[in-house]
Amino acid sequence: MNISLGTVYRNLNLLAEDGMIKKLDLGDDKVHFDGDITPHSHFICESCGKIIDINVDTNDLKQLENDLATKNKLIVHSAELVFRGICDECVCKS
């Protein structure tokens with residue numbers, strides 16, 4: 001069975017719109033999709049480009065959102081934290 005790339009992305013976008021998966025903007029001009037819709041952060045390896053899920057204490061993120069709201073009078077609807085660096089596999093290669 002053959003399926004076009006356009007069909008794949010159209011369906012991924014529909015799943016993201018329905019909240020079944022998450023569409024990520026990681027600042028690299030590429031579209032990324034994540035099947036894990038629970039609150040979490042990401043680590044991007046600057047060497048190989050691997051994206052790793054990182055679990056950050058949601059209480060810490062909530063505190064940061066509250067600080068932004070009270071100190072800067074902002075209304076935060078969502079937050080995403082992205083770490084960048086070198087993954088363990090690339091560190092071992094060098």
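Basis for what follows: all heavy atoms, side chains included, without hydrogens, waters or symmetry-related copies.
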Search all heavy atoms of [X] against all heavy atoms of [Y] and return the closest pair with its distance.
X   : Y   : answer
I44 : G49 : CG2-O, 4.5 Å
F83 : V56 : CE1-CG2, 4.3 Å
I86 : F43 : N-CZ, 3.5 Å
C45 : C87 : SG-N, 3.3 Å

Stepwise side-chain contact (heavy atoms from CB on, under 4.5 Å) test for K22 and D36: CA-CA 7 Å; K22 193 172 186 180; D36 183 357; over 6 Å; no

To the nearest 0.5 Å, what is the distance between [atom1] on [X] and [atom2] on [Y]?
X   : Y   : atom1 : atom2 : answer
K30 : D25 : NZ    : CG    : 13.0 Å
H40 : E80 : NE2   : CD    : 9.0 Å
N55 : T38 : CG    : OG1   : 6.5 Å
Q63 : L68 : CD    : CG    : 10.0 Å
C90 : K50 : SG    : NZ    : 7.0 Å
D18 : N13 : CG    : CG    : 11.0 Å

Transitive ILVMFWY side-chain link L61 to I52, under 4.5 Å: yes

Hydrophobic cluster identity match, L81 and I54, side-chain contacts under 4.5 Å: yes

Side-chain heavy atoms of H42 within contact of H32, under 4.5 Å: no

Nonpolar side-chain network containing L14, other nodes, edges under 4.5 Å: none

Side-chain cluster (under 4.5 Å, hydrophobic types only) that I3 belongs to, other residues: L5, V8, Y9, L12, L15, M20, I21, V31, F33

Steps toward side-chain contact (heavy atoms from CB on, under 4.5 Å) verdict (D34, D53): CA-CA 9 Å; D34 193 342; D53 288 347; 3.5 Å; yes

